[in-house]
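Heads up: the structure comes next, in structure tokens.
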Amino acid sequence: MSKVTIAGSSYVITSTVTMADLETVRKYRPAALALADPETKETLFKVGIGTNGMTDYGVSFGGVSNDTEKLATATLPIPSDVEDAKEYVMDKAGLALTNLNKVEANITAALAEIRTERSALAENITVIL
């Protein structure tokens, strides 16, 4: 489950997935980065990589955590007139965080598949020097 840290006039969404893993999934299983309506197939929510951003329809990660894990992060501002930062984040980011947690479960499953496939592929590649 992703987490949120409030620091001063910003809040940081920290994913459970590394930026490198997001890039791998984007390359091999881009559909795993989105939630779609099961009937209409319309995209309801999507995880992106690039600049920091968040709406009810998606989160874009533009940074990584400053630890050895290098988890994907998005740092977003809290307006100066907000009196209760925690309440603001729950109202502003609640739906996105709920959907992000669902997408992260899909990402984890996709990563397992990708790693299995790449491992099998690597076993069938011979390098002759």
Side-chain angles (χ1 to χ4, degrees):
M1 176 175 262
S2 59
K3 72 175 194 171
V4 176
T5 304
I6 297 172
S9 61
S10 298
Y11 64 103
V12 180
I13 300 170
T14 304
S15 176
T16 60
V17 181
T18 68
M19 186 67 80
D21 285 344
L22 285 176
E23 290 169 351
T24 298
V25 172
R26 181 173 66 177
K27 182 175 181 179
Y28 295 103
R29 295 281 193 294
L33 295 175
L35 288 179
D37 182 286
E39 293 177 17
T40 66
K41 306 298 182 206
E42 177 185 0
T43 300
L44 303 174
F45 185 84
K46 190 167 185 177
V47 171
I49 302 169
T51 60
N52 295 315
M54 192 260 335
T55 70
D56 287 347
Y57 305 104
V59 173
S60 180
F61 292 101
V64 296
S65 59
N66 291 322
D67 56 16
T68 57
E69 291 184 277
K70 301 299 180 199
L71 299 174
T73 63
T75 303
L76 303 158
I78 298 173
S80 60
D81 62 342
V82 169
E83 293 181 23
D84 186 340
K86 188 173 184 177
E87 191 66 32
Y88 171 82
V89 170
M90 288 189 303
D91 287 343
K92 180 79 173 165
L95 178 59
L97 292 170
T98 299
N99 286 330
L100 175 59
N101 291 326
K102 293 174 186 176
V103 172
E104 285 178 341
N106 294 343
I107 290 169
T108 302
L111 280 168
E113 290 176 3
I114 292 165
R115 288 181 180 133
T116 299
E117 289 170 0
R118 289 183 57 78
S119 178
L121 181 62
E123 289 178 17
N124 292 309
I125 297 174
T126 302
V127 177
I128 300 173
L129 300 176

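When reading the values below, keep in mind they use all heavy atoms of this one structure, side chains included, and skip hydrogens, waters and symmetry mates. If you're wondering where the values come from, they're calculated on a predicted model, not measured in any experiment.
- A donor-acceptor contact shorter than 3.5 Å links the side chain of Thr108 to the backbone of Glu104.
- Donor-acceptor pairing under 3.5 Å is lacking for the side chains of Glu69 and Thr18.
- Side-chain contact between Leu44 and Tyr57 is absent, with no heavy-atom pair separated by less than 4.5 Å.
- Thr43 has its side chain out of reach of Leu35: every pair of non-hydrogen atoms, C-beta onward, lies at least 4.5 Å apart.
- When atom types are taken as modelled, the side chain of Lys41 and the backbone of Pro38 share a donor-acceptor pair closer than 3.5 angstrom.
- Judged by distance alone, the side chains of Ser2 and Asn101 do bring a donor and an acceptor atom under 3.5 Å apart.
- Thr16 is not listed as a side-chain neighbour of Leu71, based on a closest heavy-atom distance of 4.5 Å or more.
- Between Asp91 and Lys86 there is no salt bridge, since none of the side-chain N atoms of the basic residue sits less than 4.0 Å from a carboxylate O of the acidic one.
- Distance check: Glu113 CD to Arg118 CZ gives 14.5 Å after rounding to the nearest 0.5 Å.
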- Item | Leu33/Val25 under side-chain contact (heavy atoms from CB on, under 4.5 Å): CA gap, chis, key distance, verdict | CA-CA 7 Å; Leu33 295 175; Val25 172; 3.8 Å; yes

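- The two residues Asp56 and Phe45 make their nearest non-hydrogen contact at O-CD1, 3.4 Å.
- Contact annotation: the side chain of Ile6 approaches that of Val89 to within less than 4.5 Å [non-hydrogen atoms, C-beta and beyond].
- Each of Val12 and Met19 belongs to its own hydrophobic cluster when Ile, Leu, Val, Met, Phe, Trp and Tyr are linked at side-chain heavy-atom distances under 4.5 angstrom.
- The number of heavy atoms from other shown groups lying within 6.0 Å of NZ (Lys3) does not exceed 12.
- Counting only heavy atoms from C-beta outward, the side chains of Pro77 and Tyr11 never approach each other to under 4.5 Å.
- Taking hydrophobic clusters as Ile, Leu, Val, Met, Phe, Trp and Tyr residues chained together by side-chain heavy-atom distances below 4.5 Å, Met90 does not share a cluster with Leu100.
- In this structure, the side chains of Ile114 and Thr24 come closer than 4.5 Å at one or more pairs of heavy atoms.
- Applying the 6.0 Å contact sphere to CD1 of Ile128 captures no more than 12 heavy atoms from other residues, nucleotides or ligands.
- To the nearest 0.5 Å, atoms CG (Leu22) and OG (Ser15) are separated by 5.5 Å.
- Atoms NZ and OG1, from Lys92 and Thr55 in turn, are 8.5 Å apart once rounded to the nearest 0.5 Å.
- Counting heavy atoms of neighbouring residues, nucleotides and ligands inside a 6.0 Å radius, atom CG of Asn66 does not exceed 12 of them.
- Between the CD1 atom in Ile107 and the CG atom in Leu111 there is a gap of 7.5 Å [rounded to 0.5 Å].
- Put simply, the side chain of Ser60 gets close to the backbone of Thr51: a donor and an acceptor are under 3.5 Å apart.
- Under the 4.5 Å side-chain criterion, counting only non-hydrogen atoms from C-beta, Glu117 is in contact with Arg29.
- Atoms CD and OG1, from Glu123 and Thr126 in turn, are 11.0 Å apart once rounded to the nearest 0.5 Å.
- Val47 places a side-chain heavy atom less than 4.5 Å from the side chain of Phe61.
- For the atom pair CE of Met54 and CG of Leu95, the computed distance is 9.5 Å after rounding to the nearest 0.5 Å.
- For the pair Asn52 (side chain) and Gly62 (backbone), a donor-acceptor distance under 3.5 Å is present.
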